[in-house]
Amino acid sequence: RDPRPGSLFIVGDDQQSIYGFRRADMRVFNQVKALLSGPEGRNALQLESNFRSLSPICEWCDSAFSELFAEGVDEGVQAEHQSFSPTRATGGEENHIRVLGVPGVSWNPAEDIARKNARQVARFVADAVESDEPVLDGGETDGEPVPGDPEDFMILTRNKGRLAIFAEELASRDVPYALSGGEDLG
């Protein structure tokens, strides 16, 4: 039986399905979307605005991931890439995104790789916090360059399994941190 018109409202994000959050399956997402939207997709609305990130972050993500997200689209296991539409103004022209790559090593245990990555990230954050050199362009500080502060940094990981390794490395350099989604050390 069909629901009464206007009585059913569903929110979903096919980009989230790639991570398998709570066993998310993009094929099921698409089946439900097609079932509820009809062939014209007349009831499906696409939310495109990004309210969190500044333009340089959105642009960097689009550049870095558009090709990667193209892989697997035809097989139905990857959502099609959708460019970000940032709503927050940029504070300055400089891009303050840092990519700290960890070279892949065959047959390395994942924990060893996480430790190397955590050391590298913690060293970068500690250096930025301890340095007298401005690390932020001051977009939200009336345009004046400002030194780094621990709360200026966010470390995102694919899962919470190794967050404690990052926390240990930050703590070993006396960098205060707040851990969300994992086990805290303190």
Notebook entry, point to check: So, do Ile155 and Leu170 sit near enough that their side-chain heavy atoms are less than 4.5 Å apart?
Noted result: yes

Checklist line | Pairing residues for Asp127 by the side chain to side chain donor-acceptor pair (under 3.5 Å) criterion, not counting sequence neighbours | finding: none

Next item on the list: Please name all residues satisfying salt bridge (charged side-chain N to carboxylate O under 4.0 Å, His left out) with Glu111, sequence neighbours left out, ordered by chain then number.
Entry: Arg115

Item checked: side chain to side chain contact (heavy atoms under 4.5 Å, CB included) evaluation trace for Phe153 with Val129 -> CA-CA 10 Å; Phe153 298 89; Val129 169; 4.2 Å; yes

Check: Measuring from Arg119:CZ to Ile165:CD1, what's the distance to the nearest 0.5 Å?
Finding: 9.5 Å

Next item on the list: Verify side chain to side chain contact (heavy atoms under 4.5 Å, CB included) between Cys61 and Phe84, making sure each step is shown before the conclusion.
Entry: CA-CA 8 Å; Cys61 289; Phe84 288 105; 3.6 Å; yes

Next item on the list: Please report the shortest heavy-atom distance between Ser49 and Thr87, naming the atom on each side.
Entry: CB-CG2, 3.7 Å

Check: Side-chain heavy atoms under 4.5 angstrom apart, residues restricted to Ile, Leu, Val, Met, Phe, Trp, Tyr: same cluster for Val121 and Leu163?
Finding: yes

Next item on the list: Could you tell me which non-hydrogen atom of Phe166 sits nearest to which non-hydrogen atom of Asn117, and how far apart they are?
Entry: CZ-OD1, 3.4 Å

Margin query: Any side-chain to backbone donor/acceptor pair from Ser66 onto Asp62? Under 3.5 Å, distance only.
Written below: yes

Note to self: Using the side chain to side chain donor-acceptor pair (under 3.5 Å) criterion, which residues pair with Arg173? Sequence neighbours excluded.
What the structure shows: Glu169

Notebook entry, point to check: Quick one: CG on Leu179 to NZ on Lys160, what's the gap to the nearest 0.5 Å?
Noted result: 10.0 Å

Check: So, for Pro86 and Cys58, which heavy atoms are closest and what is the spacing to 0.1 Å?
Finding: CB-SG, 3.7 Å

Margin query: If I take atom OG from residue Ser83 and atom CG from residue Asn50, how far apart are they, to the nearest 0.5 angstrom?
Written below: 11.5 Å

